[in-house]
Amino acid sequence: MNTKGNPFIVIGGGIGGLATALGIAETNQYVKVLEQAPEFGEIGAGIQLAANATNVLQRLGVMDKISEIAVFPKRLVLMDAFTGKELSALDLGDVYKERYGAPYIVLHRSDLHKVLAEECASNPYIELVTNQSIVETVENEGQVTVTSANGDQHSGTAVVGADGLWSKARKLFAEDQPVCSKYVAYRGAIPMEEVTSHEDLDDVYMWIGPNLHLVQYPVRRGELYNQVVVFKSSQYTEEIEKTDQWGTPEEMDHVFAGTCDLVQNAISFIQRQRRWPMYDRVPINNWTKGRITLTGDAAHPMLQYLAQGACQALEDAAYLSDMIQKHGENVEQAFLEYQEERMPRTANVQTSARMWGEIIHNTTDAGILLRNTILSNRTEKDFKFIDPFHGYNKSLVKA
């Protein structure tokens, strides 16, 4: 067993990094979480968590606290952004929970992060350290040492890189770069009393159309209404990728021109000060070497179309914990078996997210007709499309 002076080191204090720390602490191993920011926090707006994620949150002992601030939607509804008609829906109630063993929830990202951070801070096996921008990671004779830009050094028994899409730890395994999808997102949450657009405000709505979509759902006990506007930019070029000259608010208005009144109303509320370009990466064939491994977006960043990014990071945390428990001091074997299980799983979700993006953003009349016909012929209790994602229970709940 490791000691407090020889901990597992987790690089990155986001949702995935904190969940990883809690998972490792389950095995009575010490963990040090290194966060580059001055304090632990999360930006952004809402987040959707399917049963494959909430199963892990139940296992980590934080679901009761999360339930106090989350919303439990009744349905996930696909709408036509132009006609305003319902295309298909999924029942997220008792049938869903019985099928997958945990509920579907929506909440504010910062609320989820706060619960995880507080749970880590109160755990005697976990130490949280801020202002740690890691510039070097070196393994030598059964020890791994990481060095921060400010000169701090941390040594431990192993390192887990959980430092997100722009991961520095990933550079130990691949020289690849994030892939821009040419889509951008505008996000924001408004007070619920300002929303009068439609009746079932507890549902998750996704309005879809050619090269665009809008997602809406309540967060923070139903006090706020989260909205995400996404569209493909015709102004994108590789030359201006790193600038704010593409995917502008003016282009958003142009792309969404002609959508139905409910979508237009939603667009009028969206915050326009900041845009989020949407990236993923191509799956790689290795993310483990010796006592170093990756997790979450550092290992398998994906597009948001399946709402599985955080879910996959939570799955990682649970399975990595099990492998550390199984193999004890043989960290190298634990990391290899973790990778063997998680790599094909996450690669499939990454590529599936790209495919579903193409489906919901279809631009051809034939493609739209085929998609809508398939959707209209399913019932709200037909789970075959989501079973491969939400139904992953391997190792998530301990016997």
Side-chain angles (χ1 to χ4, degrees), residues 14-24 26 46-67 70-76 90-107 109 112-113 115-116 162 204 206 215 217 280 283 294-323 337-356 381-399:
I15 291 168
L18 295 177
T20 298
L22 289 171
I24 296 172
E26 279 187 338
I47 187 170
Q48 302 182 58
L49 294 178
N52 56 318
T54 51
N55 263 310
V56 178
L57 296 176
Q58 288 177 168
R59 166 179 166 168
L60 295 177
V62 297
M63 195 60 193
D64 287 345
K65 290 182 180 178
I66 289 170
S67 296
V71 174
F72 296 76
K74 300 181 183 68
R75 296 195 309 159
L76 175 61
L90 183 73
D91 187 335
L92 298 176
D94 291 339
V95 174
Y96 178 95
K97 186 174 180 179
E98 290 169 8
R99 185 179 188 88
Y100 300 123
Y104 193 106
I105 64 172
V106 290
L107 70 166
R109 294 185 73 93
L112 171 61
H113 188 273
V115 170
L116 293 173
V204 177
M206 187 175 196
V215 177
Y217 53 83
D280 66 354
L294 303 177
T295 188
D297 281 353
H300 43 73
M302 58 192 64
L303 297 173
Q304 293 91 325
Y305 306 129
L306 290 173
Q308 279 288 309
C311 299
Q312 292 305 305
L314 288 165
E315 285 186 12
D316 288 346
Y319 200 81
L320 180 60
S321 171
D322 284 351
M323 293 304 97
E337 286 196 29
Y338 153 74
Q339 172 176 284
E340 183 179 1
E341 166 68 20
R342 297 301 303 156
M343 186 167 287
R345 161 72 172 165
T346 56
N348 177 59
V349 182
Q350 282 178 284
T351 54
S352 296
R354 282 189 174 187
M355 179 186 70
W356 278 98
K381 292 180 172 59
D382 179 354
F383 297 100
K384 65 175 176 290
F385 287 131
I386 65 165
D387 272 340
F389 310 113
H390 300 202
Y392 177 88
N393 283 309
K394 188 171 184 178
S395 173
L396 298 188
V397 182
K398 288 187 173 180

_Test side-chain contact (heavy atoms from CB on, under 4.5 Å) on V106 and I47; report intermediate values, then the result._
CA-CA 6 Å; V106 290; I47 187 170; over 6 Å; no
Taking the side chain as every heavy atom from C-beta outward, state whether [X] and [Y] have any pair of such atoms under 4.5 Å apart.
{"X": "C311", "Y": "Q48", "result": "no"}
{"X": "H390", "Y": "Y104", "result": "yes"}
{"X": "Y96", "Y": "L76", "result": "no"}
{"X": "I15", "Y": "L116", "result": "yes"}
{"X": "F383", "Y": "L90", "result": "yes"}
{"X": "T54", "Y": "Y100", "result": "no"}
{"X": "L303", "Y": "R354", "result": "yes"}
{"X": "L49", "Y": "L107", "result": "yes"}

With no hydrogens and no angle check, is any side-chain donor or acceptor of [X] less than 3.5 Å from a backbone partner on [Y]?
{"X": "N55", "Y": "A51", "result": "yes"}
{"X": "N52", "Y": "Y392", "result": "no"}
{"X": "S321", "Y": "I24", "result": "no"}

*Could you go step by step and tell me if R75 and D91 meet the salt bridge (charged side-chain N to carboxylate O under 4.0 Å, His left out) rule?*
CA-CA 5 Å; R75 296 195 309 159; D91 187 335; over 6 Å; no
Nearest-0.5 Å distance that lies between atom [atom1] in [X] and atom [atom2] in [Y]:
{"X": "H113", "Y": "L18", "atom1": "NE2", "atom2": "CG", "result": "4.5 Å"}
{"X": "E315", "Y": "L320", "atom1": "CD", "atom2": "CG", "result": "13.0 Å"}
{"X": "R345", "Y": "Q350", "atom1": "CZ", "atom2": "CD", "result": "12.0 Å"}
{"X": "E341", "Y": "M343", "atom1": "CD", "atom2": "CE", "result": "12.0 Å"}
{"X": "L112", "Y": "K65", "atom1": "CG", "atom2": "NZ", "result": "13.0 Å"}

*Apply side-chain contact (heavy atoms from CB on, under 4.5 Å) to E26 and L60, showing your working.*
CA-CA 8 Å; E26 279 187 338; L60 295 177; 3.7 Å; yes
Ignoring hydrogens, what is the shortest heavy-atom contact between [X] and [Y]? Give both atom names and the distance.
{"X": "A299", "Y": "L294", "result": "CB-CB, 3.7 Å"}
{"X": "G296", "Y": "A313", "result": "CA-CB, 3.8 Å"}
{"X": "P103", "Y": "K97", "result": "N-CG, 4.1 Å"}

_Test item: side-chain donor near acceptor, H300 and D280, under 3.5 Å_ = no
*Using the ring pair (Phe, Tyr, Trp, His ring centres under 6.0 Å) rule, pick out the option among F385, F389, Y305 that qualifies with W356.*
F385
_Before you tell me yes or no, could you show the steps for T295 and R342 under side-chain contact (heavy atoms from CB on, under 4.5 Å), namely the whole-Å CA-CA distance, both residues' side-chain angles and the distance that decides it to 0.1 Å?_
CA-CA 9 Å; T295 188; R342 297 301 303 156; over 6 Å; no
_Taking the basic N atoms (NZ, or NE/NH1/NH2) and the acidic carboxylate oxygens, is any pair closer than 4.0 Å for D387 and R99?_
yes
*For side-chain contact (heavy atoms from CB on, under 4.5 Å), just list the numbers for K74 and L92, CA-CA rounded to whole Å, side-chain angles, deciding distance to a tenth of an Å, and then say yes or no.*
CA-CA 5 Å; K74 300 181 183 68; L92 298 176; 6.0 Å; no
